[in-house]
Amino acid sequence: MTTLRQRRASKGKESAAAAEVQPQHPNCCTHHRPEGSLQGDWSWGSIIWTSVGLSVSVGLGLLCCIYVATLHENDLWFSNIKEVEREISFRTECGLYYSYYKQMLQAPSIQEGLLEMIHDNLTESRRTINLLQRMNIYQEVFLSVLYRLLPIKTYLEPVYFYIYTVFSLQAVYVIALYLTAWLLSGSWLAGALAGLWYILNRVDTTRVEFTISLRENWSLPFLALQVATITCYLRPQLTSFQQKVMVWLMYVTTFCFCLTWQFNQFILLVQALIIYTLDCVDLLTTTQVTTLYLVQVSGLLSVWLLQFFNSMILGSLVLSFIVAALFVRHCQTDLKVGGLLVRLSKILLHSVLVFLLTFTINYLTKKALQVRSDEHIFKFIKSKFALRPTRDFDASLYLCEEAFGLLPLDTLERLADTLLLYPYVPTLLLLSGTLAVAAFRNLSCSEGGSAEEKKGAAEAFRSDVAYNLLHTLLYGLVAFSTMRMKYIWTGHMCAVAAHGVCSAELWTLLLRTLRCNSRTLLRIVRCAVPLLIVGFLYFKFWPKLMNELSELREFYDPDTVELMTWISTKTPKQAVFAGSMQLLAGIKLCTGRVLTNHPHYEDKDLRDRTRQVYQVYARRSPEEVYGILRAAGADYVVLENSICYERRHRRGCRLRDLLDLANGH
């Protein structure tokens, strides 16, 4: 197991003019005027103010990038360790993904490298697979091609080009959150606060510094960009040209997000449910709903084409749901006609029809295409919420991992320590209450209502705020149910909390309730509160950050280094190795040997083979185990003491226990 030991070295050591507020409107989220040229005001003052805001966003992004890069260097002494140690530091599936970047660079040419990817027989023994179809590794291919073409080989090693690219995406992530908060609140102080919170809550917002190659570290920055473009698209008073630009940006960011993560369909499914909910309560226009749905479909189908017609994408629930929602919406033309009770009953019937049609389409699609790649995920979800034990090996493998359990309460304690939770909760409650009132008004507005009533109902709640509210609510529920999903929620949480601190509408409502509402006081409060929070965070966390950055440690794992060295020097290059998924990924990266199985679990045949290879740890006779390993083509098997004498998991969750249960013992 990789450990870190102390390195033997000494420890180193707006104010702003706010947007004009229209107090005559009683609702807190009806009208909104973002400041500066974001709204089209091209006066010199607005241009300078907006330029300052954009400069701060880039500065915070670069700060986050440098911060995580420094932590990575200080934890491992990456610049000083040997190449094999650098490669071992790419843990578990990270090593597998990085190995393809290395393989592309070692190929004689780009064309031959691509052919090796399309016809790969090293990743799974006795099988030839299309890696570009099976895995989301276009980013590794793109970076390898870029490194070959750019004149940087003399100045930058391939591994640094790779990790610096991933760290740079963290800068993109922070800038995207910054822009989202700015668009929602109308003040770039909100963006600065969101970026600062993201950095200070690093433990709960990202794990990029020690899991560099994970697909989520590539995809979540693009998801954040997509949310920012959706927020901009849903703002009122956009010109036709601006809307078209936003639609194209939404498509590009959705495409990049889908291309870089195999679990894109589940994230987009939640997003589609948000769009569906807003449509039901009349907070989005028909054009907006159709456009958002089609952007999702276009992004997924583009990835489907690039991944050589990957059937898992066509069999995704989100595609089935969008087709069902659009079809039922087209057929049920009188959905938004009638009084409150009539509307509610129609929405209920509409939802039943949509979900029944969704599951029907999905079932028939999977049967026709024989899609079984993602069935382990549905087994896990079913077992997780069934509240009863399961003997299924794949489901138990996930259920026994802490990362797939419930969100620990100490996460909320850490978020409260940085003051993030305190504005987030009241903002959530206030916006949720306002959204409920707006939905009630919209549903109560009958077809025969006056023009003024319809206009008032349509303006009851800003669409961009409503989208972000449901986004944080639903992904928050996902995070609480599965801890690993918290990284989707906590980043966006920073933007929502910052919006609550700097929003003119929310402060107007509060000041009006206190009977002290005035434009001057509103401007003072909107500037003073975020600046006070920033000052508090600076004095509390700056010494801690400096202390963290001064801690120098060193990568130290002599056993794994010895194993990789022995394999490289003592075994044939075409030797096939069996073992745990995590270790085999490192063996492929460090030695280039053929594997029986690996951590990319989205394939039914691979899951079956992994379960068979793991029988070496089950109650099986030596003859049975030998037959299983030879059937998989294995020449060598690596047994790990950490599995044989496992203490990390409780009794019943150890690998040998899961295998015995699956085998019927």
Give the ring-plane orientation class for His471 versus Tyr475, where under 30° counts as parallel, over 60° as perpendicular and anything between as tilted. tilted
We want to know whether Tyr467 and Gln271 form a side-chain donor-acceptor pair, criterion being a heavy-atom distance below 3.5 angstrom. yes
Check against side chain to side chain contact (heavy atoms under 4.5 Å, CB included), Ile347 and Ser351: CA-CA 6 Å; Ile347 288 174; Ser351 300; 4.1 Å; yes
Between Arg526 (side chain) and Leu521 (backbone), is there a donor-acceptor pair under 3.5 Å? no
Go through the steps to decide whether Thr231 and Asn468 satisfy the test side chain to side chain donor-acceptor pair (under 3.5 Å), and finish with yes or no. CA-CA 8 Å; Thr231 302; Asn468 281 275; 2.9 Å; yes
Checking Leu292 against Ile230 for the side chain to side chain contact (heavy atoms under 4.5 Å, CB included) test, could you report, in this order, the C-alpha distance in whole Å, the side-chain angles of both residues, the deciding distance, and whether it holds? CA-CA 8 Å; Leu292 290 171; Ile230 290 176; 4.2 Å; yes
In terms of side-chain heavy atoms, does Tyr162 have a donor or acceptor partner in Glu140 at a distance below 3.5 Å? yes
For atom CZ of Phe355, decide whether the heavy atoms of other residues, nucleotides or ligands shown that lie under 6.0 angstrom number more than 12. yes
Quick one: do the Thr206 and Tyr173 side chains pair a donor with an acceptor below 3.5 Å? no
If you count heavy atoms of other groups shown closer than 6.0 angstrom to CZ of Phe263, is the number above 12? yes
Counting the benzene-type ring for Trp, do Phe480 and Trp489 have ring centres under 6.0 Å apart? yes
Regarding Asn201 and Thr418, is there a side-chain donor-to-acceptor distance under 3.5 Å anywhere? yes
Nearest heavy atoms of Leu357 and Val328, plus distance in Å: CD2-CG2, 4.0 Å
Flag the pair Asp282 and Arg441 as a salt bridge only when some basic side-chain nitrogen lies within less than 4.0 angstrom of an acidic carboxylate oxygen. no
What class does the angle between the rings of Phe167 and Tyr164 fall in, given that below 30° is parallel, 30 to 60° is tilted and above 60° is perpendicular? tilted
Under 3.5 Å side-chain donor-acceptor pair for Glu602 and Gln262: yes
For the CD atom of Gln139 and the OG1 atom of Thr260, what is their distance to the nearest 0.5 Å? 5.5 Å
